[in-house]
Protein chains: 2
Amino acid sequence: MDDVADRAGVSQMTVSRVMSGKGYISSKVRDQVHAAAAEIGYVQNRLARGLRSEQSSLIAVVLPTLGNTVFTEVLRGITDALSAQSLRPVFGLTEYSEDREYELVRDLLSWRPAGIVLAGLEHSDQTRRAIDASGVRVAEVMDIDGEPISTAFGLSQKAAGQVTAQHMLDKGHRRFVYAGSQSGADLRAGKRLEGFRQTVREAGGTIVSEIISSQPSSMVEGRRITAEILSGGDRPDAIYYSNDDLAAGGIMHCLAEGVRIPGDIAMAGFNGLPYLDALPIQLTTIQTPRYDIGFQAGKLLAMQGEDRSSTASQLVDLGFELSVGRTC
Amino acid sequence: MDDVADRAGVSQMTVSRVMSGKGYISSKVRDQVHAAAAEIGYVQNRLARGLRSEQSSLIAVVLPTLGNTVFTEVLRGITDALSAQSLRPVFGLTEYSEDREYELVRDLLSWRPAGIVLAGLEHSDQTRRAIDASGVRVAEVMDIDGEPISTAFGLSQKAAGQVTAQHMLDKGHRRFVYAGSQSGADLRAGKRLEGFRQTVREAGGTIVSEIISSQPSSMVEGRRITAEILSGGDRPDAIYYSNDDLAAGGIMHCLAEGVRIPGDIAMAGFNGLPYLDALPIQLTTIQTPRYDIGFQAGKLLAMQGEDRSSTASQLVDLGFELSVGRTC
DNA sequence: CTGAAAGCGCTAACAT
DNA sequence: ATGTTAGCGCTTTCAG
């Protein structure tokens with residue numbers, strides 16, 4: 001900055017004001033400074049800026065995985081919301097481990113981020129304490145069934161499970177199998193299953209079995225699980241998959257093996273991923289506002305305490321929609 | 001750090017040494033310091049550390065999009081490679097725009113990252129100058145057909161196009177349609193097409209038409225394009241898709257409409273995405289080492305100039321493999 | 001509208 | 001093996 005100041009014939013402080021766009025500067029001086037900066041290829045040092053102003057324009061993002069389209073869309077939403085304010089996401093992946101989440105939160109906090117995004121509402125006490133002590137603003141995403149740290153954007157996972165169950169029951173199905181993945185580490189999927197179970201039970205239906213693979217969810221794994229289910233002696237009426245990727249794998253299995261959907265077996269998924277529209281059979285699923293969840297979380301953290309009026313903890317329900325296809 | 005030092009009864013510099021793990025510290029003092037830090041919940045300030053040491057443990061990552069699985073896998077590879085050294089990725093998305101890439105590079109450079117990852121080898125002069133001036137280490141990913149800034153990890157996109165063409169020609173196909181997306185903004189896809197064209201031409205085949213959608217690539221878009229191609233009067237022998245998502249859409253169209261593959265129409269894609277294994281018909285495609293590309297790029301940037309011996313610009317060919325399915 | 005002085009929290013360099 | 005001193009590049013604060 002000193003070099004730029006010399007070139008522009010002003011003080012270093014004036015350069016600082018021009019760069020940060022704060023304070024009153026005559027347009028003549030501003031132009032001189034910009035010209036000088038361009039000539040020598042000056043690039044701000046945000047480490048210094050952040051150190052002095054006790055505020056870095058970084059947003060910490062801690063997500064379970066990038067292997068699930070859901071989180072890449074959330075991340076896109078966050079990134080888009082931030083880019084207007086030239087805030088940047090720094091991120092880490094937990095692979096659904098609470099311990100790993102804590103490590104990442106600790107580490108990311110050392111960057112003095114302007115905010116932090118976390119997936120879900122369940123975090124270890126350590127994690128909560130570290131965040132509390134740091135005073136960063138937090139946005140939790142995807143889930144609203146529980147107590148948020150401050151603000152959570154998402155949908156009721158439990159209600160999604162209930163709505164799906166009700167629809168399947170209405171279609172006359174009574175004997176279900178649940179197909180999940182990740183060894184049940186995905187807590188949101190667990191809540192959906194809980195809602196599903198409850199509604200099925202109340203209607204007198206049965207969940208014949210719950211098959212939970214140890215693998216990450218994928219179409220291939222969905223196809224494998226489905227083959228396993230259908231090869232068993234006791235075929236259920238319908239399969240409730242923990243998400244669309246697994247369900248799409250189920251559709252593929254049936255397409256390949258000539259199993260009729262929903263005649264031989266009915267199916268439902270969760271998420272409403274775009275590619276479902278390309279499949280030969282439309283999957284019945286729950287459409288979730290993933291991008292919007294990310295975008296709104298990003299926007300909240302982006303507005304610098306301007307509107308910090310609502311300090312109280314809040315649950316922002318962005319809703320979901322049952323998308324009825326031809327699989328049940 | 002002063003507070004920790006007081007508690008531990010040592011100087012602040014000793015705390016610094018313990019925290020950064022540099023220099024000789026008696027294990028007794030180390031334990032005292034760690035205990036004191038834990039008691040008051042001390043969290044390092046990396047902004048200060050970075051400012052002083054002229055080196056932040058951030059790696060800038062600039063990718064075109066997260067809408068393409070390819071880049072999420074590259075990003076996973078990068079993230080995994082970095083996490084061992086507790087380096088964190090800060091990132092931005094260009095949406096395939098060179099101008100946006102420049103803006104992002106400028107902005108990310110202000111964090112004084114230890115390294116930067118860029119997609120492809122084509123960058124504006126401005127971008128190259130900014131990077132040059134900053135002196136950061138660079139890793140370019142995915143492409144090796146061209147002149148890298150310093151080191152590029154990837155595969156020959158052109159060769160991939162040639163290999164695909166040769167295989168399709170060997171299978172007896174002569175009249176092709178190329179199906180692409182993004183209005184051709186994806187330069188790697190362009191290089192594949194170039195290789196494809198060349199091999200087809202040399203063998204006396206014909207590319208009947210090149211259909212390039214303005215949409216981002218997706219299965220839905222692939223299905224739409226395929227419907228369009230097959231409804232035309234002049235049906236080609238085969239379609240070469242710029243990637244697997246489009247090709248999978250093509251398969252879906254044929255499955256839904258009863259078009260026989262490869263009897264009525266043959267197909268090939270690019271990438272070798274995992275979900276292809278779940279489809280009823282195995283797509284012929286090119287398997288690319290996306291995760292590994294990201295991982296190696298991350299590793300290079302992670303090793304702090306330890307092995308900066310090879311300053312010369314380098315192309316690291318991580319290869320690809322033709323994966324022969326049942327679509328051609 | 002512009003400038004001077006001080007200091008954010010660390011680590012490099014030099015002492016001991 | 002530990003301590004002292006100085007200063008990284010910026011912004012806050014106070015003065016004009």
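Naming: A, B, ... by sequence-line order, numbering from 1 per chain.
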Please confirm whether the shortest side-chain N or O distance from B:Ser11 to OP1 or OP2 of D:dT4 is below 4.0 Å.
no

Side-chain ion pair, A:Glu95 and B:Arg76, N-O less than 4.0 Å:
no

Here the distance between atom C1' of C:dA13 and atom CD of B:Glu54, to the nearest Å, is 14 Å

Determine: side-chain N/O of A:Arg52 to OP1/OP2 of D:dT12, distance under 4.0 Å, yes or no.
no

Of the listed C:dG9, D:dG3, C:dC10, the closest approach to the B:Thr14 side chain comes from D:dG3

What does B:Leu51 touch in the nucleic acid at a heavy-atom separation under 4.0 angstrom: a base, only the sugar-phosphate, or nothing?
base

What is the distance from NZ of B:Lys22 to P of C:dT11, rounded to the nearest Å?
8 Å

So does A:Glu122 pair up with A:Arg128, basic N to acidic O under 4.0 Å?
no

Which residue is it: B:Arg46, B:Gln44, B:Arg88? I am looking for the one with a side-chain hydrogen bond (donor to acceptor under 3.5 Å, both in side chains) to A:Ser110.
B:Arg46

Respond yes when some side-chain nitrogen or oxygen of A:Ser53 is under 4.0 Å from OP1 or OP2 of D:dT11, and no when none is.
no

Please pick, from C:dC8, C:dA13, D:dT11, the nucleotide with the shortest atom-to-atom distance to any side-chain atom of B:Met13.
C:dA13

Heavy-atom nearest nucleotide on DNA chain D taken for B:Gly23 and for A:Arg49; more 5' hit belongs to B:Gly23

Looking only at side-chain N and O atoms, does B:Tyr24 come under 4.0 Å of OP1 or OP2 in D:dG3?
no

Less than 4.0 Å between a side-chain N and a carboxylate O, is that true for B:Arg100 and B:Glu103?
yes

Nearest whole angstrom, please: distance from the P of D:dG9 to the CG of A:Asp2.
9 Å

For B:Leu47 and D:dT11, give me the distance from atom CG to atom C1', rounded to whole Å.
14 Å

In terms of side-chain heavy atoms of B:Gln12, which of C:dT11, D:dC10, C:dC8 is nearest?
C:dT11

Please state how far atom CD in B:Gln55 lies from atom C1' in C:dG9, giving the value in whole angstrom units.
18 Å

Would you classify B:Arg46 as touching base, sugar-phosphate or nothing, given that sugar-phosphate means primed atoms plus P, OP1 and OP2, and contacts are heavy atoms under 4.0 Å?
nothing

DNA chain D nearest-nucleotide lookup for B:Arg30 and A:Arg17: closer to the 5′ end is B:Arg30

Over all strands shown, is A:Ser16 touching base, sugar-phosphate only, or nothing at heavy-atom distances under 4.0 angstrom?
base

Calculate the interatomic distance between A:Met1 atom CE and D:dC8 atom C1'; express it in whole Å.
14 Å

Closest heavy-atom contact between B:Phe153 and B:Ile144?
C-CG2, 4.3 Å

Would you say C:dC10 has OP1 or OP2 under 4.0 Å from some side-chain N or O of B:Ser20?
no

What is the distance from CG of A:Asp6 to C1' of C:dG3, rounded to the nearest Å?
14 Å

